[in-house]
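These notes are about the structure you will find just below.
When a ligand or atom number is given, it counts from 1 through the structure's own listing order.
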Amino acid sequence: MSTLYDTERLKKADSASILHPATVVADVAEKGPRIIAEGKGCFITDTEGKSQLDAVGGLWCMNIGYGRPEIGDAMKKASDQLGYFHTFAGSSNPAQIQLAERLVAKMPDHINKVFFGSSGSDANDSLMKIVWYYNGLRGKPEKRKIISRRQAYHGTTIASASLTGLASFHRNFGLPIAEVKHTSLPHYYREAKPGESELDFSNRLARELEDLIIAEGPETVGAFIAEPIMGAGGVITPPEGYFSAVQKVLKKHDILFICDEVVCGFGRLGDWFGHRVYDIRPDMVATAKGITSGYFPLSAAFISDEIWNVLRDGSATLGAFAHGFTYSGHPVGCAAAMANLDILQNENLIGNAADVGAYLHTSLREALGDHAHIGEIRGHGLIGAIQLMADRDTKTGFDLKHKIAARCVAAIGELGVIYRPLPTADSLAFSPPLCLTRNEADQMVDALRKGLDQVIGGLNSEERK
Ligand code: PMP
């Protein structure tokens with residue numbers, strides 16, 4: 001490691017001064033944090049010199065890999081030229097214009113406009129507000145409800161946390177807000193009825209969605225939001241026919257489709273975007289994370305021509321579109337995104353994600369497909385999850401109170417690889433940098449197998465139930 005750190009002092013200072021996100025407040029205050037100091041390729045190193053393969057890519061965002069000086073170089077150049085200027089009231093800057101051109105070229109033909117922000121949450125908030133604005137302008141101001149799915153993850157601001165379908169993000173905050181409703185999650189393995197085919201399951205879920213729309217009143221429902229593959233809710237891949245069945249229902253009731261590509265976008269699935277993989281025709285698309293591989297906080301929210309035309313025509317009556325952020329179209333962030341896109345493109349990292357992703361999924365199935373406590377290994381490209389099961393024959397899950405996924409992740413971490421526990425789904429997730437090599441994929445599989453054996457082999461009879 002190039003720098004020496006006084007870890008104990010840093011830990012004390014951290015505990016004395018920081019409220020950590022998504023952390024048990026008392027735990028970190030007492031034990032202190034783990035402090036990550038450096039990263040290179042797929043590996044991160046903490047202040048005590050311990051290195052691990054980060055098989056989660058930070059928070060599903062480190063697409064190009066750690067330690068790429070090209071990003072810093074591009075940001076320095078941009079910052080030296082124009083460290084900041086706002087984009088309100090008709091201002092712009094060359095970096096956001098170049099980035100916008102490049103991004104919309106990667107969207108479907110009917111999507112040609114982008115709005116920049118700083119996070120996945122604000123992208124979803126912005127799109128939700130645009131749904132309201134758009135429907136107001138169309139003379140349908142009551143068409144405001146947004147339907148999301150249980151176990152979805154769309155962010156943590158008041159609106160986006162409402163869209164999120166995980167109880168812990170609602171409990172204690174008085175959420176969700178009244179405009180947000182949730183429908184079933186499309187997890188075929190756990191939610192299908194005995195004997196139900198994937199297609200039948202998808203059609204049943206589409207009917208449930210339509211029942212919900214009708215119960216709420218189609219004239220009150222503005223949009224449906226979905227991740228192509230649900231990330232934090234369990235890395236749930238859509239079953240056969242799911243999105244086409246859902247889209248038929250939405251079209252029938254004049255309801256927009258918001259595709260949340262915050263995790264799936266920019267190569268994670270071995271293609272530029274998840275909507276291309278699953279044949280989704282979105283009206284709006286939210287992106288963040290992989291747009292800069294996390295090197296700078298940036299989001300890009302896209303809208304269709306149809307929505308844009310309504311907004312443009314509405315200017316005459318409404319005046320300014322009164323929404324935006326100080327950092328919308330930040331020139332330094334846009335420069336970081338362009339350098340990131342250059343690396344993704346020039347090094348064919350998306351092709352690598354498809355290739356090494358397929359290799360990884362095959363290796364995982366070979367190594368663990370018959371494991372008595374693994375029910376399903378799912379995912380696509382370089383994202384996936386391992387479903388733990390107390391009894392895979394009867395499809396009985398472990399009691400979540402035993403926190404077996406978290407214990408497995410801790411054991412695998414000791415063996416040098418970071419996975420992520422997804423408590424609601426009792427699964428272990430991975431989404432490594434897209435520069436992952438086959439050799440590193442082998443390390444992921446090896447540590448996973450050993451860590452699972454250690455924890456599951458050591459469970460007592462009560463925990464095995
Ligand atoms: N959408 C999805 C699918 C996400 O996974 C996340 C973050 N994990 C978000 C939105 C929110 O992004 P942010 O944390 O940048 O607000």
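Considering backbone and side-chain N/O of Lys289, one or more are found under 3.5 Å from N/O of ligand 1.
Relative ring orientation between Tyr84 and His330 is described as tilted, the plane-to-plane angle lying within the 30° to 60° band. Using the six-membered ring where Trp is involved, Phe321 and Phe115 have ring planes that are perpendicular, over 60° apart on the 30 and 60° scheme.
For ligand 1, the atoms sitting less than 4.0 Å from at least one non-hydrogen atom of Glu227 are 3 (C), numbered in the order shown with element in parentheses. Residue contact check: His154 has heavy atoms under 4.0 Å from atoms 1 (N), 9 (C), 10 (C) of ligand 1. The ligand atoms of ligand 1 that sit less than 4.0 angstrom from a heavy atom of Ser121 are 11 (C), 12 (O), 13 (P), 16 (O). Interface of Gly120 with ligand 1, defined as ligand atoms under 4.0 Å from a residue heavy atom, comprises 11 (C), 12 (O), 13 (P), 15 (O), 16 (O).
In this structure, His275 has its ring center no closer than 6.0 Å to that of Phe243.
At a 4.0 Å cut-off, not a single heavy atom of Glu261 sits close enough to ligand 1 to count as contact. Distances from ligand 1 to the non-hydrogen atoms of Leu59 include no value under 4.0 Å.
Atom 3 (C) of ligand 1 has its closest protein heavy atom at Tyr153 O, 3.2 Å. For atom 1 (N) of ligand 1, the closest non-hydrogen atom on the protein side is Asp260 OD2, 2.7 Å. At the top of the distance list for atom 5 (O) of ligand 1, counting protein heavy atoms only, stands Val263 CG2, 3.2 Å.
To the nearest 0.5 angstrom, Phe224 atom CZ is 10.0 Å from Leu212 atom CG. With values rounded to the nearest 0.5 angstrom, Ser184 atom OG is found 7.5 Å from Phe201 atom CZ.
Of all the heavy atoms of Thr156, none lies under 4.0 Å from any atom of ligand 1, so neither backbone nor side chain is involved. Contacts with ligand 1 closer than 4.0 Å are made by heavy atoms of both the backbone and the side chain of Ser119.
With respect to Arg68 and Asp342, no salt bridge is recorded, no charged nitrogen being found less than 4.0 Å from a carboxylate O.
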Check the pair Ile307 / Met284 against side chain to side chain contact (heavy atoms under 4.5 Å, CB included), numbers first and verdict last.
CA-CA 9 Å; Ile307 297 169; Met284 305 173 124; 3.7 Å; yes
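The neighbour count for Lys403 NZ, taken as heavy atoms of other residues, nucleotides or ligands under 6.0 Å away, does not exceed 12.
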